[in-house]
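Take a look at the structure set out below.
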Amino acid sequence: MLRGFRNFLMRGDVIVVAVGLIVALAFSTLIKAFTDYVINPVITRAQGGMSPGLGWQLGRPGNIATYLNIGAFISALIYFIVFMAVVYFLIVLPYKRSQARRGVTVFGDPVPVKTCPACLADDLPRPATKCRYCGTAQV
């Protein structure tokens, strides 16, 4: 049982995924600091005055629980976009290139599909001559 577990862990793909996850978490921390300490103060300053952020107070003044903080949402959106760009350019593209050198296609374009006119299944491959669900001949 332990030998099988060890063999599973030592497969190349599992190691690549583990390293990618560690790198992604490290970049996540870096990007979170960037949005918290650079982007958030700029967005808060755009509101002006003594506001806790960019947004509107929905309840009693000074109650943070009823403050609609649009600035925090914009910050989270910037965080997401930057994080996904870092993951794509520093993890996905190099992995895609290394797998292409091995002759393996990853993250490729989806296979073209067609819809069956009888049962309306929309995941039939283009060259299919018969529907896999209802058996209707395809043209």
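The model shown is predicted, which means the values in this text are computed figures rather than measured ones. All residue numbers refer to positions in the sequence shown, counting from 1.
- Summarising the geometry, atom CG belonging to Leu25 is positioned 4.5 Å from atom CG belonging to Leu21; distances are rounded to the nearest 0.5 Å.
- Between Gln99 and the choices Lys96, Arg101, Arg97, Arg102, the side chain to side chain donor-acceptor pair (under 3.5 Å) rule is met once, by Arg102.
- Interatomic distance, Ile31 CD1 to Phe80 CZ, rounded to the nearest 0.5 Å: 11.5 Å.
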Can you give each donor-acceptor pair under 3.5 Å made by side-chain atoms of residues 130-139, sequence neighbours left out, with the distance rounded to 0.1 Å?
from   : atom 1 : to     : atom 2 : distance (Å)
Arg132 : NH2    : Asp123 : O      : 3.1
Tyr133 : OH     : Asp123 : OD1    : 3.3
Tyr133 : OH     : Asp123 : OD2    : 2.8
Gln138 : NE2    : Thr136 : O      : 3.2

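- In terms of hydrophobic clustering, with Ile, Leu, Val, Met, Phe, Trp and Tyr side chains grouped at heavy-atom distances under 4.5 Å, Ile78 and Phe73 are assigned to different clusters.
- In terms of modelled atom types and a separation under 3.5 Å, the side chain of Lys114 and the main chain of Leu124 share no donor-acceptor contact.
- Applying the side-chain hydrogen bond (donor to acceptor under 3.5 Å, both in side chains) test to every pair with at least one member in residues 76-90, sequence neighbours left out, gives these pairs: Ser28-Tyr79.
- Side chain of Arg126 to backbone of Val113: a donor-acceptor contact under 3.5 angstrom is found.
- Residues Leu58 and Ile74 share a hydrophobic cluster, clusters being chains of Ile/Leu/Val/Met/Phe/Trp/Tyr side chains in contact below 4.5 Å.
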